[in-house]
Number of protein chains: 2
Amino acid sequence: MDKTSKMDRRVKYTKMVIKESFIKLLHEKPITKITIREICDLSDVNRTTFYAHYHDQYDLLRQLQNELMTEIVSYLNQHTTDRAGTVSAETLEEIFSYIKEKAEICSLFLSDNVDTNFENQVIKLFHEWCISTWASKRLNSKLDMEYIYTFSAYGCIGVIKKWLDEGMVKPTGEMADFIIKMTSQGLGSLSQQSIFHT
Amino acid sequence: MDKTSKMDRRVKYTKMVIKESFIKLLHEKPITKITIREICDLSDVNRTTFYAHYHDQYDLLRQLQNELMTEIVSYLNQHTTDRAGTVSAETLEEIFSYIKEKAEICSLFLSDNVDTNFENQVIKLFHEWCISTWASKRLNSKLDMEYIYTFSAYGCIGVIKKWLDEGMVKPTGEMADFIIKMTSQGLGSLSQQSIFHT
DNA sequence: CACAAAAACCAACACAGTGTTGAAAAACCA
DNA sequence: TGGTTTTTCAACACTGTGTTGGTTTTTGTG
């Protein structure tokens, strides 16, 4: 599972400072403007050493994103032992609390300074989870189901992004309730009128 | 409005071939791997000439995105003369038809090969439109309104992405109906059970 | 502790892309 | 045609890339 345990101390340190420096730089500028030289200068690591561990900046980013992703997945596996494949408000609130814990890195990976890979991974995870839990349920059609999941997944990601951008002022409980309302009754439950009409 | 009219023929041609080549390359690889040299080689334009018109690849991309964006805005201004600030199913279907017309460039700008700028611009446009039309309506709170718009905007973008990826097999009319259902009654109208529960 | 293995460092390399220059050639428009 | 604008061209210094072979340093272990 955790490969850092059997790692050489030197490797552990090197990877750590490289990652720290890279994240620091990502806060300042888009990944397209970040050079390997720059990362090495900041982390005081030889450029040759960087190449020994990563192919380039994008490889480094992917590794960081994957690490966070597996961490999220393991968290979800521990906390979503719900019956019948639905998520309770309490669990949802826990998930928002977890995001709050990891706010710095989450908001960074969902920001404009990086690519959409992390967002896509989250969407995909949501998808797989929906497929597995919805398999037993009746739905209008296979096609619509896919679109429903997509709308909800992107809606949730967008709301999470906004929440993070605003500094998470809205309480996690309210966020959980909001998501439930949006995914169950939709706009009708929150505003008097819809945006669109027939 | 259209600045191409008063442009020198040579400028018009140069910009055209550069844009064509750039879009061609964007179909093949992410923008991060595209060099100015490459664009110039493909379009048979001197590199100095490129610098006379654009700062770099990203500047070029922005200009292309802005052009498409202003085109979309002018289209919407012509077609959404709806009363009371809501969009009819017919208008929504027209919008989907328009997206279908511009499918190649839209799907490209929403793909992983480019940044999230275009997506953000669309979201922002949706936002401004909502603010102006919702101004007169009663809502639970200012804060929730913002979140509702965000959820819907991202949901719509996600569905449009998916629709484009699938080659737009689902008819525009069905897409319009789907969006209306999602933004009015939400999941409850389409499936027997919600993903989340209280 | 000592020693073999592994990792990091170093200097140097060829190569490619960048952004800018000044001047010549070509194309434009009136 | 003639003056203007644009493109082209060759050359420039500079920066980042990715890889080399060899040296130094650090590590885990018997």
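Proximity note for Thr14(A) (side chain, C-beta onward) versus dA8(C), dA11(D), dG16(D): the nearest is dA8(C). The side chain of Val11(A) sits closest to dA7(C) out of dC28(C), dT20(C), dA7(C). When distances are taken from the side chain of Thr48(B) to each of dA7(C), dC9(D), dT20(D), the shortest belongs to dC9(D).
Nearest-nucleotide mapping onto DNA chain C: of Ile36(B) and Lys12(A), the residue sitting toward the 5' end is Lys12(A). Checking Tyr51(A) against Lys15(B), the closest nucleotide of DNA chain D that is more toward the 5' end is the one next to Lys15(B).
Asn46(B) comes within contact range of at least one nucleobase, with a heavy-atom separation under 4.0 Å. Contacts of Thr35(B) with the nucleic acid, taken as non-hydrogen atoms under 4.0 Å apart, involve only primed sugar atoms and P, OP1 or OP2. Base engagement by Thr49(B) is indicated by at least one non-hydrogen atom pair under 4.0 Å involving a base atom. No contact: Asp41(A) has no heavy atom under 4.0 Å from any strand.
One atom, CZ of Arg47(B), and another, P of dA11(D), lie 14 Å apart when rounded to the nearest Å. With rounding to whole Å, Tyr13(B) atom OH is found 12 Å from dT7(D) atom C1'. The distance from atom CD1 of Ile34(B) to atom P of dT18(C) is 12 Å, rounded to the nearest whole Å. Straight-line distance from the OH atom of Tyr58(B) to the P atom of dG17(C): 14 Å, rounded to whole Å. The distance between atom CD1 of Ile18(B) and atom C1' of dT8(D), rounded to the nearest whole Å, is 13 Å. Rounding to whole angstrom units, CE of residue Met16(A) and P of dA8(C) are separated by 13 Å. Taking atom CD on Gln57(B) and atom C1' on dG17(C), their separation rounds to 10 Å, with Å as the unit. Atoms OH (Tyr54(B)) and P (dT18(C)) sit 16 Å apart, rounded to a whole Å.
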**Message:** Would Gln63(A) and Lys19(A) count as a side-chain contact (heavy atoms from CB on, under 4.5 Å) here? Give the steps.
**Reply:** CA-CA 10 Å; Gln63(A) 288 197 31; Lys19(A) 286 173 185 176; 5.5 Å; no
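No hydrogens or angles considered: nothing links the side chains of Asn113(B) and Ser111(B) as a donor-acceptor pair under 3.5 Å.
Asp112(A) has no carboxylate O lying under 4.0 Å from a charged side-chain N of Lys161(A), or vice versa, which leaves the two without a salt bridge. Residues Arg47(A) and Asp41(A) are not paired through a salt bridge, judged by the lack of any N-O separation under 4.0 Å between the basic side chain and the carboxylate.
Nucleotide dC29(C): paired with dG2(D) (Watson-Crick or G-U wobble, both distances less than 3.5 Å).
Counting only distance, with no hydrogens or angles, the side chain of Thr49(B) and the backbone of Val45(B) share no donor-acceptor pair below 3.5 Å.
On a pure distance criterion of 3.5 Å, no polar donor-acceptor pair joins the side chain of Arg9(A) and the base of dG28(D). Judged by distance alone with a 3.5 Å cut-off, a donor-acceptor contact links the side chain of Arg10(B) to the base of dA27(C).
OP1 or OP2 of dT7(D) sits under 4.0 Å from a side-chain N or O of His53(B).
Glu38(A) pairs in a salt bridge (Lys or Arg N to Asp or Glu O under 4.0 Å) with only one of the listed residues (Lys29(A), Lys33(A), Lys24(A)), which is Lys29(A).
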